[in-house]
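No hydrogens, no waters, no symmetry mates; every other heavy atom, side chains included, goes into these values. In this chain, residues are counted from 1 in sequence order.
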Amino acid sequence: VNTLEDNVRERGAMSTLISDRAQVEISGRVHDFLRTLYIRDWQSEPENQQQNFAENRWSTVKMYVNNVLNRTGAPSYTWLLRVCLIWVCTILNHLATESLGWRSPLEALNGVTPDISPLLCFFFWEPVYFHKYEDDPFPSKSDETLGRFVGISSNVGEAMTFVVFDESTMKKLHRSVVRSALKQDERNRRLDRLDEFDPSAPQVLRSRPQTEGEKLPDAPSISHEDFI
């Protein structure tokens, strides 16, 4: 019911709610909501999903999601977190469709041609740098951190605000200060894990970080008298 309410809140009330008679879509609470807004409902016959034209579109979405995961190498949990699913639906909503007179679904809904500029900045699961606001590490650490681009922020910030996935915390963040980590001459050399995106990068030896409570051996001392 919350999903139905969010769709009405963001896109407006539909004339008819079409479903496959799933209990969550024909419950008393759903019917109460539909009565309030005078929305009709229609269900397909059991075991006859072909009567619902949305079922075919859903198979198309799953096919494209699988293609995106295959070509970007994104892990399977991006499907469980719905970030890849939302990205594919965002792309499809911006693409012109013959059945709509070569208009995009968003243009048919809102009457305005949608801006595709945010979609051209990054590809799904692209490694990106984004600004950190949690602390002020200057000058010991970089003010950027490494993440993955997973979508466009529709309800946060300005038009060029993006959804970035932080693999260290497994959280989705909304950031407008984002740049690609794939440009060779614009790398942040203070961050780790750069070599995994660039096999030709020189290997740099780093000292092992000291863990809490660990005592490292003292470095040997040499007297000047020992020198010749």
Asker: Would you name the heavy atoms of Pro127 and Leu182 that are closest together and state the gap between them?
Answerer: CG-CD2, 3.5 Å

Asker: Where do Ser104 and Asn93 come nearest, in terms of heavy atoms and distance?
Answerer: CB-O, 3.6 Å

Asker: From Asn67 CG over to Thr72 OG1, what is the distance, rounded to the nearest 0.5 angstrom?
Answerer: 10.5 Å

Asker: Please walk me through it: do Trp87 and Val163 pass side chain to side chain contact (heavy atoms under 4.5 Å, CB included)?
Answerer: CA-CA 10 Å; Trp87 172 249; Val163 182; over 6 Å; no

Asker: Are the side chains of Met170 and Tyr77 in contact, using a 4.5 Å heavy-atom criterion?
Answerer: yes

Asker: If we only count heavy atoms from C-beta on, is the Phe53 to Ile18 side-chain gap below 4.5 Å?
Answerer: yes

Asker: Flag yes if Met14 and Leu100 sit in one hydrophobic cluster, no otherwise; membership is Ile, Leu, Val, Met, Phe, Trp, Tyr, and two members link when side-chain heavy atoms are under 4.5 Å apart.
Answerer: no

Asker: Establish whether Met160 and Val150 are linked, either directly or via other cluster members, by ILVMFWY side-chain heavy-atom contacts under 4.5 Å.
Answerer: yes

Asker: Could you tell me which non-hydrogen atom of Glu45 sits nearest to which non-hydrogen atom of Gln51, and how far apart they are?
Answerer: N-OE1, 2.9 Å

Asker: With hydrophobic residues grouped by side-chain heavy-atom distances under 4.5 Å, do Leu85 and Phe165 end up in a single group?
Answerer: yes

Asker: For Leu37, is the CG atom crowded, meaning more than 12 foreign heavy atoms sit under 6.0 Å from it?
Answerer: yes

Asker: So do the side chains of Thr78 and Phe124 get within less than 4.5 Å of each other, counting heavy atoms only?
Answerer: yes

Asker: Between Glu126 and Ser180, does any side-chain donor sit less than 3.5 Å from a side-chain acceptor?
Answerer: yes

Asker: From His94 NE2 over to Leu119 CG, what is the distance, rounded to the nearest 0.5 angstrom?
Answerer: 5.0 Å

Asker: Do any N or O atoms from the side chain of Asn66 and from the backbone of Lys62 form a donor-acceptor pair under 3.5 angstrom?
Answerer: no

Asker: Any idea which heavy atoms bring Ser117 and Asp115 closest together, and the distance?
Answerer: OG-OD1, 2.8 Å

Asker: Taking the side chain as everything from C-beta on, heavy atoms only, tell me whether Val1 gets closer than 4.5 Å to Glu5.
Answerer: yes

Asker: Give the C-alpha distance, both sets of side-chain angles, the deciding distance and a yes or no for side chain to side chain contact (heavy atoms under 4.5 Å, CB included) between Asn48 and Glu55.
Answerer: CA-CA 10 Å; Asn48 286 271; Glu55 292 288 345; over 6 Å; no

Asker: Go through Phe162 and Ile152 one step at a time and tell me if the side chain to side chain contact (heavy atoms under 4.5 Å, CB included) criterion holds.
Answerer: CA-CA 4 Å; Phe162 307 100; Ile152 310 297; 3.7 Å; yes

Asker: Using the rule that Ile, Leu, Val, Met, Phe, Trp and Tyr join whenever any side-chain heavy atoms are under 4.5 Å apart, tell me whether Val83 and Val156 fall into a single cluster.
Answerer: no

Asker: Taking all heavy atoms of Trp102 and all of Ala96, pick out the closest pair and write down the distance.
Answerer: O-CB, 3.6 Å

Asker: Quick one: closest heavy-atom pair of Phe149 and Phe123, and the distance?
Answerer: CD2-O, 3.2 Å

Asker: Treating Ile, Leu, Val, Met, Phe, Trp and Tyr as nodes and any side-chain heavy-atom pair under 4.5 angstrom as an edge, say whether Ile39 and Leu4 lie in one connected cluster.
Answerer: yes

Asker: Rounded to the nearest 0.5 Å, what separates atom CG in Leu17 from atom CZ in Arg40?
Answerer: 11.5 Å

Asker: Once side chain to side chain contact (heavy atoms under 4.5 Å, CB included) is applied, do any residues pair with Leu92, and if so which ones, sequence neighbours excluded?
Answerer: Arg57, Val61, Tyr64, Val88, Leu95

Asker: Side chains of Tyr133 and Arg175, heavy atoms from C-beta outward: is any pair under 4.5 Å?
Answerer: yes

Asker: Working to the nearest 0.5 Å, report the span between CG of Asn155 and OG1 of Thr161.
Answerer: 11.0 Å

Asker: Which pairs count as salt bridge (Lys or Arg N to Asp or Glu O under 4.0 Å) when at least one residue sits in residues 12-33, sequence neighbours excluded?
Answerer: Asp32-Arg35

Asker: Just checking Glu158: does its CD atom have more than 12 heavy atoms from other residues, nucleotides or ligands closer to it than 6.0 angstrom?
Answerer: no

Asker: Could you grab the distance from atom SG of Cys121 to atom CZ of Arg179, nearest 0.5 Å is fine?
Answerer: 14.5 Å

Asker: Are the side chains of Phe130 and Val177 in contact, using a 4.5 Å heavy-atom criterion?
Answerer: no

Asker: Would you say Asp143 and Lys132 make side-chain contact, with heavy atoms under 4.5 Å?
Answerer: no

Asker: Applying side chain to side chain contact (heavy atoms under 4.5 Å, CB included), run through Leu81 and Lys172 and close with a yes or a no.
Answerer: CA-CA 10 Å; Leu81 296 174; Lys172 294 181 291 183; 5.7 Å; no

Asker: Do the side chains of Asn188 and Leu146 get nearer than 4.5 Å, heavy atoms only?
Answerer: no

Asker: May I ask you to decide if Trp125's main-chain N or O and Arg148's side chain share a donor-acceptor pair within less than 3.5 Å?
Answerer: yes

